[in-house]
There are 2 protein chains.
Amino acid sequence: MNPLDATHSLVRDTQPAEPCSTCGSRVAGLCHRLDASALDDISADSQRFHLAAKSVLFREGDPAQRAYSIVEGVVKLSRLLPDGKQQVVGFRFAGDILGYGAGQTYPFDAETLTGGHFCRIERGRLDSLLRLYPQMERRMLDLCLRELSNTQDQLVSVGRRSAEARVASFLIGLVEAYRQRGPLPTDLPMPMTRSDIGDFLGLTLETVSRSFASFKRQKLISEPGHQTVRILDMEALLRLTEGETAGM
Amino acid sequence: MNPLDATHSLVRDTQPAEPCSTCGSRVAGLCHRLDASALDDISADSQRFHLAAKSVLFREGDPAQRAYSIVEGVVKLSRLLPDGKQQVVGFRFAGDILGYGAGQTYPFDAETLTGGHFCRIERGRLDSLLRLYPQMERRMLDLCLRELSNTQDQLVSVGRRSAEARVASFLIGLVEAYRQRGPLPTDLPMPMTRSDIGDFLGLTLETVSRSFASFKRQKLISEPGHQTVRILDMEALLRLTEGETAGM
DNA sequence: CGGGCTTTTGATATCCTTCAACTGTTGTGG
DNA sequence: CCACAACAGTTGAAGGATATCAAAAGCCCG
C-alpha cells in the first residue's frame with residue numbers, strides 16, 4: 001500500500017528487462033506486455049517531448065484531450081480548493097500515466113517538479129486502442145482498482161494519523177515508489193517542497209518541517225544534500241505509521 | 001462529487017424505468033444496458049438472499065470469492081487499523097456493487113447497517129462474463145475511474161476541512177446518494193451511528209454529535225425520528241463545505 | 001421493566017495551526 | 001564573480017479546534 005500512489009498512476013508494474021521500444025521507458029507503462037502490432041499502433045500515435053521543472057502539463061478543468069506517460073521525472077497532481085489552498089492529490093513517477101480519467105476535463109493540475117521526458121497520446125486514439133486491444137483495457141481496470149485501494153489507504157492516513165505518522169508514511173511511500181522502479185538507491189531524490197508534502201498530507205509546511213527535524217534528531221533519516229533523503233531506520237518509521245493514530 | 005461514494009460502488013447510474021429482471025433492483029446495477037443474453041448468463045449464476053441489520057457480508061482479508069450487489073439496504077465498508085480503531089471507507093446503497101477489486105482478498109469489512117436484500121455472484125463467473133461482454137468491462141472501468149475521482153474528493157474533504165464542514169459534506173453526500181436512486185424524500189433514512197460517521201470523516205463521535213447539535217440549533221437540519229434527518233437549509237450546508245478549510 | 005447502547009453535554013488537555021522572525025539556498029544580473 | 005532578491009526551510013511563541021475523559025440522559029430491545 002503506497003501512500004504516494006493515491007491516484008491515477010494507471011500503468012505500472014515490475015520492471016521489464018528492455019526499455020520500451022516506443023518511448024524508451026525502462027519501467028512498465030501502458031504498453032506493458034502488449035504484442036508488436038499494438039506497440040506499432042501506439043508509437044505511430046504518441047509523441048515524446050521534454051519539459052523543464054515547474055512546467056504545467058495540464059490544468060484542472062482543461063478539456064482532457066490527451067493522456068500522458070512519464071518517461072522520466074516527477075509530477076505533482078493537485079486540486080485548487082474554493083478558498084485558494086491546494087490539495088496535492090498525489091505524486092507521479094516514471095512509468096505512470098496521467099490524464100486518463102472518466103470525465104471530459106482533467107480533474108486536477110499536473111505540474112512537473114523536476115525536468116523530464118514525457119510521452120503524449122490523443123485520448124480518442126487511446127480509446128480506440130483500448131477497444132482494439134482488450135488486454136489493454138483489462139490492464140487499465142486492474143490498475144484503476146489498485147489505485148482505488150491505494151487512495152483508500154491515503155484516506156486512512158490523512159484521516160486518522162498524527163502529523164509524524166503521516167510524514168513517516170509519506171517517506172515510506174517514497175521508498176516504495178522508487179523500489180518499484182528499479183534498484184533502490186540509498187539517497188532518494190525528493191524534489192517536493194515541505195509545502196507540497198504538507199498539502200499532500202493535510203498539514204502545514206511548518207508541521208512537516210518540524211517532523212523532519214524530529215526524525216533527523218532521532219536519526220531515522222538524514223538529508224545528505226539538497227532535495228535528497230536517506231532512510232536510516234526504516235523499522236522505526238514503519239512503527240510510527242502503524243502505532244499512531246491522531247491521538248489529539 | 002459525492003463524498004459518500006468514496007470507494008468501490010462500482011456500478012450505478014441513472015435509474016432505469018423497469019426493475020432489473022435478474023435481481024429486481026430498480027437502480028442501475030452491473031447489468032445496466034446489457035443485452036438479453038448477458039442478463040440470462042448473470043441470472044443463471046447469481047443468487048439473491050436476505051440479511052438482517054449488523055450482519056457481516058465479508059471481512060477484510062477474506063479470500064475475495066464473490067462479488068455482491070445491493071438490491072436494498074445500506075452497507076458500511078471499513079478497515080481495521082493496527083491500533084484497533086476503524087476507518088470507515090464508505091457507505092453503500094441499493095444498486096452498488098461490493099467486493100470486486102484488484103486483490104485476492106477483500107480490502108475491507110462489509111457490514112449491513114439495515115436489513116436488506118442482496119445478490120451474489122462467484123468472482124470467477126463474473127470475470128468470465130467480463131471477458132464475454134466487453135461493454136461490461138468498459139463499464140467497470142468507467143465506474144472505477146469515477147470512484148477514484150470521488151475518493152480524491154473525500155481525501156480533500158478529510159484532509160483540509162473543519163469538523164463542521166466535514167459533517168456538512170457527509171449530509172450532502174447522503175442527499176446525493178438518495179437523489180441518484182429516485183425521488184428524494186424529505187426525511188432521509190440515516191442508519192449510521194455518530195461513531196460510524198466519525199470514523200468515516202476522521203472525527204470523534206463527540207465532535208460529530210456537537211456538529212449535529214450546532215446544525216439543529218441553526219435550523220439547518222432536524223431529526224424528526226430515530227435514524228432520520230431532514231435537510232432544512234441545503235444552501236447553508238453547501239456554503240459550509242465550500243468556504244471552510246481546517247482553519248486551525 | 002431493566003440493561004446496554006447511543007447520544008448529549010461539560011471540563012480539560014493537547015496537537016497542530018497561525019503568526020512571526022530568522023537563516024540558508026538558489027538563481028540572476030550587473 | 002559577487003550582490004541581492006526570491007524562495008525554501010527552520011524555529012519559537014501563542015492560540016484555537018478538536019480529542020479525551022467523564023457523567024448523565026435518552027432510547028431500543030429483550
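Reminder, nothing fancy here: chain letters follow the sequence lines and each chain counts from 1.
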Axis-to-axis angle for the helix from C:dC1-D:dG30 to C:dG30-D:dC1, ends of five pairs each, to 10°, equals 40°
Given atom [atom1] of [X] and atom [atom2] of [N], what is their separation to the nearest angstrom?
X        : N      : atom1 : atom2 : answer
B:Phe215 : C:dT8  : CZ    : C1'   : 16 Å
B:Leu203 : C:dC15 : CG    : P     : 18 Å
A:Leu205 : D:dA8  : CG    : P     : 10 Å
A:Asp199 : D:dA8  : CG    : C1'   : 14 Å
A:Met192 : D:dC7  : CE    : C1'   : 18 Å
B:Ile197 : C:dT6  : CD1   : P     : 12 Å
B:Leu113 : C:dC5  : CG    : P     : 17 Å
B:Arg161 : C:dT17 : CZ    : C1'   : 19 Å

Residue [X], side-chain heavy atoms: nucleotide from [options] that is nearest:
X        : options               : result
B:Thr193 : C:dT7, D:dA19, C:dC16 : C:dT7
B:Ala213 : D:dT18, D:dT10, C:dT9 : C:dT9
B:Glu223 : D:dT20, D:dT18, C:dT8 : C:dT8

Practice problem: Look at B:Asp199 together with B:Arg79 and state whether they make a salt bridge at an N to O cut-off of under 4.0 Å. | Solution: no
request  = Could you tell me whether A:Asp109 and A:Lys76 make a salt bridge, using a distance below 4.0 angstrom between a side-chain N and a carboxylate O?
outcome  = no
Using side-chain heavy atoms (C-beta onward) and a distance below 4.5 Å, is A:Val75 in contact with A:Tyr68? no
Contacts under 3.5 Å, N or O only, protein and nucleotides 19-27 of chain C:
unit_1	atom_1	unit_2	atom_2	d
C:dC19	N4	A:Glu206	OE2	3.3

(Q) Under 4.0 Å from OP1 or OP2 of C:dT8: is there any side-chain N or O of B:Ser209 that close? (A) yes
Short side-chain N/O contact to D:dA19 OP1/OP2 from B:Thr204, under 4.0 Å: yes
Going from [atom1] on [X] to [atom2] on [Y], what distance comes out if it is rounded to the nearest 0.5 angstrom?
X        : Y        : atom1 : atom2 : result
B:Leu57  : B:Asp62  : CG    : CG    : 11.0 Å
B:Leu98  : B:Phe108 : CG    : CZ    : 7.0 Å
A:Leu113 : A:Phe93  : CG    : CZ    : 8.5 Å

task = Would you kindly check if the NZ (Lys) or CZ (Arg) of A:Arg66 is within the cone defined by 45 degrees around the ring axis of A:Phe58 and under 6.0 Å from the six-membered ring centre?
result = no
Touch check for A:Gly202, heavy atoms < 4.0 angstrom, all strands: base, sugar-phosphate only, or nothing?
sugar-phosphate
**OP:** Determine, stepwise, if the pair A:Gln152 / B:Gln87 fulfils side-chain contact (heavy atoms from CB on, under 4.5 Å).
**Re:** CA-CA 10 Å; A:Gln152 286 170 28; B:Gln87 169 76 29; over 6 Å; no
Can I get a per-line list of side-chain donor-acceptor pairs under 3.5 Å for residues 227-236 of chain B, giving both atom names and the distance, sequence neighbours left out?
unit_1	atom_1	unit_2	atom_2	d
B:Gln227	NE2	B:Pro191	O	3.4
B:Thr228	OG1	B:His226	O	2.8
B:Arg230	NE	B:Asp187	OD1	2.5
B:Arg230	NH2	B:Asp187	OD1	3.0
B:Arg230	NH2	B:Asp187	OD2	3.1
B:Asp233	OD1	B:Glu235	N	3.4
B:Asp233	OD1	B:Ala236	N	3.1

Sorted by position of nearest nucleotide on DNA chain C, 5' first, the leading residue of B:Arg194 and A:Glu164 is B:Arg194
Comparing B:Lys54 with B:Arg217, nearest DNA chain C nucleotide closer to 5' gives the residue B:Lys54
Between A:Ser214 and the options A:Arg210, A:Lys216, A:Gln218, the side chain to side chain donor-acceptor pair (under 3.5 Å) test singles out A:Gln218
